[in-house]
Amino acid sequence: MGKAVLVIKGGEVLDETGRRRADVAIGAEGDVVGVGADLDGNRVIDAGGCLVTPGLVDLHTHLRQPGREEAETVESGSRAAALGGYTAVVAMPNTEPAIDCASVVREVIELGAKALCDVTPAGAITRGRAGVELAPMAEMAALGVHLFTDDGAGVQDARLMRRAMEYATSLGVTLGQHCEDESLAAGGHMHEGEWSSRLGIPGIPALAEELMVWRDIALSRLTGAPVHFLHLSTAGSIELVRAAKAEGLAVTAEATPHHFTLTHAEVVGYDPLFKVNPPLRSVEDVVAVKAGLADGTIDAIATDHAPHAQETKEAPFDEAPPGMVGLETALALATTELGLPVEAVLTLLSWRPARIAGLAAEHGGPVAVGRPANLCVIDPTATWVVDPATSASRSRNNPFAGRTLTGRVRHTMLRGEPVVLDGEAQR
Ligand code: DOR
């Protein structure tokens, strides 16, 4: 065993290969140098009663930099991510300016170099995310961008999306689609259904999402290109993805914690905290999202962490921007609400998203000698109450305030550096 500078002691290691009681020793280079019984090092970090797992990977984080630093920065968002157990996040490109060319990609990578987790930018599919002409994907791919998306909007033009898929195939990258047909969704502010009728708020039909899922499955069949479906929210979308996977198509999908925990009934008080896109859906949709997560139709849980400054969220429901924060609560919502074994929860939060993001060489485990020590230590029995006031995010738009959750991140290691210790960020 190489020399250990730090040992995580007394925990149970859990990764894709299974569970075992073991200490984890970390060397000066930030790699795992030993996994086994009774390891020693200069510094000991206690993991008694805890799970030592690969760090979580978020496929869908809005860090707002450049352009909206009052809501979040790469630094503040990465601190929230580390507190949530994440060692890597994919930063969405709907910044100002959009991440749609090499120079903005470089800027985000440079900001990420000082962050508390790895920050890997997603590039826009179209210039300015305007949906009109393709962005220079090759120059962004050359800088390591693996996921491309116009998130915040879907690519409406089917011909342009087909060309993006052909381009993506030649570059070996993946397209992420925000599935929303704008002609059907236009003017809507919540899910179209019983509650939109009662509240008199114009609705966004489930079909607005499902039409684009259907179209992009068909385009993936035509081109052979991989497509990743962002934040799926309806039973119909999940059924379409289930059938596409059975057919052997290269599709993957994610769902958010808010779409497996909250329904459109939350909008009853017209509180914009519950405004999000895609909108909170029906009970039947929540049941379908959970079933999709349980049977692997949905590959990953992604936060869609979408911080918004307080004053923007204090506007009337129809004027407020959509989105909710989620990095610090995703793991605990999954362990508390899904009714799945913790191995299955980590599959959805760590190793599967690491692969989709193209980050599996560094993140998502296994916890083994020679691998970078990007790790998370979780107390699966700790119970806590969500308090937005203590969040590391610059924004407070958290719809889970006051909720009691079970399962808490205790420590997070980024390449062997303890960035979170006993629930406290270290820088
Ligand atoms: O609710 C949302 N907020 N959905 C999106 O697609 C974008 C996001 C944001 O950037 O605020």
Side-chain angles (χ1 to χ4, degrees), residues 58-64 66-67 89-109 119-183 185 208-209 211-232 237 241 244 249-254 277-278 300 302 304 306 353 356-359:
D58 191 21
L59 286 163
H60 198 140
T61 306
H62 295 276
L63 291 175
R64 304 293 189 223
V89 301
V90 179
M92 288 293 110
N94 62 338
T95 48
E96 293 169 22
I99 308 176
D100 68 352
C101 62
S103 62
V104 190
V105 168
R106 263 193 221 103
E107 181 180 348
V108 176
I109 290 175
V119 174
T120 181
I125 296 173
T126 69
R127 278 188 202 274
R129 298 174 46 257
V132 178
E133 52 176 333
L134 291 181
M137 287 163 61
E139 69 179 40
M140 293 189 270
L143 294 171
V145 174
H146 182 73
L147 204 68
F148 288 83
T149 176
D150 277 1
D151 182 58
V155 178
Q156 301 298 308
D157 185 313
R159 184 161 176 269
L160 193 61
M161 191 60 191
R162 178 188 180 177
R163 285 186 48 219
M165 285 192 183
E166 288 161 353
Y167 198 10
T169 312
S170 68
L171 294 171
V173 299
T174 298
L175 300 182
Q177 185 68 284
H178 167 115
C179 293
E180 181 178 21
D181 180 293
E182 283 171 7
S183 62
E209 177 173 303
L211 261 188
M212 197 173 279
V213 174
W214 189 93
R215 184 200 75 181
D216 282 4
I217 288 171
L219 289 174
S220 173
R221 186 185 294 116
L222 182 70
T223 60
V227 185
H228 177 67
F229 292 112
L230 306 174
H231 47 46
L232 290 188
S237 297
V241 171
L249 299 179
V251 300
T252 54
E254 63 180 46
N277 196 18
D304 198 0
I356 294 167
L359 296 172

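All values below were derived from every heavy atom in this structure, side-chain atoms included, with hydrogens, water molecules and symmetry-related copies excluded.
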Undergrad: Arg129 and Ala124: which non-hydrogen atoms are nearest, and at how many Å?
TA: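 So the two residues come closest at CG-CB, 3.8 Å.
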Undergrad: Within the distance-only criterion (no hydrogens, no angle test), does the side chain of Asp100 pair as donor or acceptor with the backbone N or O of Gly128 below 3.5 angstrom?
TA: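 Looks like yes, one N/O pair under 3.5 Å.
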Undergrad: With a 3.5 Å distance limit and no angle check, can you tell me whether Ser220 reaches the backbone of Asp216 through a side-chain donor-acceptor pair?
TA: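 No.
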Undergrad: Verify, without hydrogens or angle tests, whether Glu139 (side chain) and Met137 (backbone) share a donor-acceptor contact under 3.5 angstrom.
TA: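 Pair absent, no side-chain N/O of Glu139 close to backbone of Met137.
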Undergrad: Are the side chain of Arg163 and the backbone N or O of Glu133 linked by a donor-acceptor pair below 3.5 Å?
TA: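 Such a contact is absent between Arg163 side chain and Glu133 backbone.
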Undergrad: Would you check if His62 and Thr95 make a side-chain contact, meaning some heavy-atom pair closer than 4.5 Å?
TA: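 No - every pair of side-chain heavy atoms lies 4.5 Å or more apart.
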Undergrad: Identify the two heavy atoms, one from Ile99 and one from Met140, that lie closest to each other, and give their separation to 0.1 Å.
TA: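 Reported closest heavy-atom pair: O-SD, 3.9 Å.
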Undergrad: Below 4.5 Å, heavy atoms only, C-beta onward: do Gln177 and Arg215 meet side chain to side chain?
TA: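 In contact.
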Undergrad: How close do Pro121 and Val108 get, heavy atom to heavy atom, and via which atoms?
TA: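 Smallest interatomic distance, heavy atoms only, reads CB-CG1, 4.1 Å.
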Undergrad: I'd like to know if the side chain of Asp150 and the backbone of Ile125 have a donor-acceptor N/O pair within less than 3.5 Å.
TA: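 Yes, the answer is positive, given that a donor and an acceptor are paired below the 3.5 Å cut-off.
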Undergrad: Apply side chain to side chain contact (heavy atoms under 4.5 Å, CB included) to Glu254 and Asp304, showing your working.
TA: CA-CA 10 Å; Glu254 63 180 46; Asp304 198 0; 5.7 Å; no
Undergrad: Quick one: are Arg127 and Pro136 in side-chain contact, heavy atoms under 4.5 Å?
TA: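 The answer is yes, as the side chains (C-beta and beyond) meet within the 4.5 Å cut-off.
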Undergrad: Supply the atom-to-atom distance Thr252 OG1 to Ile356 CD1, rounded to the nearest 0.5 angstrom.
TA: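 If I round to the nearest 0.5 Å, the distance is 4.0 Å.
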Undergrad: To check you understand the geometry: which heavy-atom pair defines the closest contact between Glu182 and Gln156, and what is its length?
TA: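 Minimum heavy-atom separation between Glu182 and Gln156: N-OE1, 2.9 Å.
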Undergrad: Given side chains that start at C-beta, do those of Pro66 and Val104 come closer than 4.5 Å, heavy atoms only?
TA: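 When only atoms from C-beta onward are counted, Val104 and Pro66 do touch, with a gap below 4.5 Å.
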Undergrad: Determine whether Val90 and Met92 satisfy the following criterion, side chain to side chain contact (heavy atoms under 4.5 Å, CB included), listing intermediate values before the conclusion.
TA: CA-CA 6 Å; Val90 179; Met92 288 293 110; 4.1 Å; yes
Undergrad: Give me the atom names and distance for the closest heavy-atom approach of Asn94 to Gly152.
TA: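 In this case the closest contact between Asn94 and Gly152 is ND2-CA, 4.5 Å.
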Undergrad: Can you tell me which residue pairs pass the ring pair (Phe, Tyr, Trp, His ring centres under 6.0 Å) test with a partner in residues 138-166, sequence neighbours excluded?
TA: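 Output for this query is empty, none listed.
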Undergrad: Measuring from atom CG of Asp151 to atom CG of Leu59, what distance do you get when rounded to the nearest 0.5 angstrom?
TA: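 That separation rounds to 11.5 Å.
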Undergrad: What are the two closest non-hydrogen atoms of Glu180 and Ala185, and how far apart are they?
TA: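 Shortest heavy-atom separation between Glu180 and Ala185 comes out as OE2-CB, 3.4 Å.
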Undergrad: Quick one: pull up NE2 in His60 and NE2 in His231 and give me the separation to the nearest 0.5 Å.
TA: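 Between His60 NE2 and His231 NE2, I get 4.5 Å after rounding to 0.5 Å.
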Undergrad: Measure the shortest side-chain to side-chain distance between His228 and Thr149 over non-hydrogen atoms and say whether it is less than 4.5 angstrom.
TA: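 Heavy-atom side-chain distance check fails, nothing below 4.5 Å.
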Undergrad: My understanding is that only residues two or more places apart in sequence, or in another chain, count here; which of them pass salt bridge (Lys or Arg N to Asp or Glu O under 4.0 Å) with Glu166?
TA: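 Testing Glu166 for salt bridge (Lys or Arg N to Asp or Glu O under 4.0 Å), a comparison that skips the adjacent residues, returns Arg162.
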Undergrad: Would a 4.5 Å heavy-atom cut-off, applied to side chains only, mark Val173 and Val145 as touching?
TA: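 No. Closest side-chain heavy atoms not under 4.5 Å.
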